[in-house]
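Step one of this worksheet: look at the structure below.
Computed over heavy atoms, backbone and side chain alike; hydrogens, waters and symmetry mates excluded.
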Amino acid sequence: MTRGVAASAAPSDGELVARYAAGDQAAARALTERHVPRLYALARRMLGDAAEAEDVTQEAMLRLWRIAPEWEARAAVGTWLYRVASNLCLDRLRARRRLSDAPVPERADESPGALGRLEADDRAAALHAALAALPERQRLAIVLRHFEELSNPEIAAALDLSVEAVESLLARGRRGLVAALAGRREALGFGEA
Amino acid sequence: MTQDDETLEAFFAAAGREEVAPSPALIAAVLADAAAVTSAREAHRSRRAAARWRGWVPATAALAASALLGFWIGVAGEGAQVSLFAETTAGEAEDPVGGFFDLASAEN
């Protein structure tokens with residue numbers, strides 16, 4: 001019951017943005033705690049690099065701080081932030097592709113701690129490798145759907161696409177993942193099809 | 001659900017258990033940005049308010065000066081008219097024309 005009261009008393013994102021625009025730094029902290037973990041997870045899974053994911057997260061939040069006084073309830077704050085972060089990730093992936101023909105790194109993170117975790121979980125490592133090989137927009141749709149657990153309409157709003165286009169991206173992405181992981185099923189304990 | 005779907009879900013479940021959390025340094029940087037944007041916005045507001053004030057002060061002073069001048073002209077002008085009327089009245093009492101008329105009459 002206490003949790004229910006607390007949940008209903010929690011200010012909405014829109015209210016927090018308005019309070020921040022009026023100078024309330026506590027509202028900025030609440031927005032940060034609410035959205036930064038999800039934005040960082042999205043960027044980390046899209047880019048496979050902790051430092052770049054931090055840059056993208058910080059930039060997305062900075063854009064929210066700047067637009068706060070003019071914020072109108074056109075879109076949900078979370079959806080708007082996902083859109084900004086998604087576009088920043090896509091920009092960085094395209095820049096990487098322009099700068100180098102080298103394949104994208106297959107590991108999500110090269111730091112020793114993260115490497116140890118990935119080695120301990122071969123399935124996760126294999127999935128990250130398969131994700132990294134997908135076209136960017138398919139990867140983005142898969143990450144938003146299966147890791148961030150957004151609905152298809154929410155993904156459509158975040159990516160500025162139709163729901164049908166999202167469904168198509170997801171279907172192609174899943175087919176790509178299945179194809180990439182097919183050769184590793186047995187090694188990863190799934191047995192023969 | 002096909003076998004492929006089940007396998008894929010198992011992969012997602014494995015990857016979903018990984019901890020992907022932002023560092024305290026990232027949280028601190030984001031909050032520092034929020035504070036910096038607020039400070040910059042408040043400084044901008046102060047500059048605009050000061051600029052508005054600088055514009056209003058001379059305008060208001062000029063308006064007040066004009067009003068005072070108008071009031072003074074009104075009062076002083078009315079006084080001058082009364083005074084002129086008074087002088088004319090006094091002058092008529094000693095009008096040389098009267099004397100001239102008298103002289104002319106005497107010649108005839």
Side-chain angles (χ1 to χ4, degrees), chain A residues 20-25 27-29 31-33 35-45 50 53-55 57-62 64-66 68-69 108-109 114 117-118 121-128 130-131 142 145-147 149 174-175 177-179 181-182 185 188-190 193, chain B residues 1-70:
Chain A
Y20 166 71
D24 182 356
Q25 296 304 304
R29 176 170 285 281
L31 285 164
T32 299
E33 288 170 355
H35 294 289
V36 162
R38 293 193 292 178
L39 294 178
Y40 176 72
L42 167 68
R44 179 80 176 269
R45 288 185 167 116
E54 290 193 344
D55 287 348
T57 305
Q58 192 174 355
E59 174 65 24
M61 292 303 292
L62 181 59
L64 177 64
W65 306 142
R66 284 180 177 154
D109 198 319
R117 285 196 302 276
L118 289 175
D121 194 336
D122 287 343
R123 290 181 182 180
L127 181 62
H128 284 305
L131 270 174
I142 290 281
R145 183 72 185 88
H146 293 282
F147 290 100
E149 298 179 342
R174 287 176 69 91
R175 278 199 300 274
L177 289 178
V178 167
L181 294 168
R185 290 168 60 102
L188 295 170
F190 291 106
Chain B
M1 187 179 272
T2 66
Q3 189 178 18
D4 282 341
D5 288 333
E6 286 174 7
T7 305
L8 210 46
E9 292 307 322
F11 275 107
F12 284 128
R17 283 194 292 272
E18 290 178 308
E19 192 177 332
V20 184
S23 67
L26 173 59
I27 299 291
V30 168
L31 290 174
D33 283 346
V37 169
T38 299
S39 296
R41 192 177 298 132
E42 283 171 356
H44 181 65
R45 275 191 200 136
S46 299
R47 280 196 302 273
R48 284 183 62 189
R52 262 200 308 273
W53 185 244
R54 278 195 299 273
W56 272 103
V57 166
T60 308
L63 185 65
S66 301
L68 276 173
L69 184 63

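Using a 4.5 Å heavy-atom cutoff, the side chains of B:Val37 and A:Tyr20 are in contact.
For the residue pair A:Gln25 and B:Ala34, the shortest heavy atom distance occurs at OE1-C, 3.7 Å. Shortest non-hydrogen contact noted between B:Thr38 and A:Gly23 is CG2-CA, 4.0 Å. Nearest heavy-atom pair, A:Ala126 versus B:Phe11, reported as atom, atom and distance to 0.1 Å: CB-CE2, 3.9 Å. Scanning both residues, B:Leu26 and A:Glu54, for their nearest heavy atoms gives CD1-O, 3.6 Å. For the pair B:Arg45 and A:Ala21, the tightest heavy-atom approach, listed with the atom from each and the gap, is NH2-O, 3.7 Å.
Only the side chain of A:Arg45 comes within less than 4.5 Å of a heavy atom of chain B; its backbone N, CA, C and O stay farther away. Proximity to chain A involves both the backbone and the side chain of B:Ala29, based on heavy atoms less than 4.5 angstrom apart.
A donor-acceptor pair under 3.5 Å is formed between the side chain of A:Trp65 and the backbone N or O of B:Val30.
With rounding to the nearest 0.5 Å, the separation of CG in B:Asp33 from CG in A:Leu64 is 11.5 Å. Of the inter-residue distances, the one linking B:Leu31 atom CG with A:Met61 atom CE reads 8.5 Å to the nearest 0.5 angstrom. Separation of atoms CZ (A:Arg29) and CD1 (B:Ile27) is listed at 8.0 Å; rounding is to 0.5 Å.
No other option in B:Ala13, B:Pro22, B:Ser23, B:Ala35 has as many heavy-atom pairs under 4.5 Å with chain A as B:Pro22.
Using cut-offs of 30° and 60° on the angle between ring planes, the pair B:Phe12 and A:Phe147 is perpendicular.
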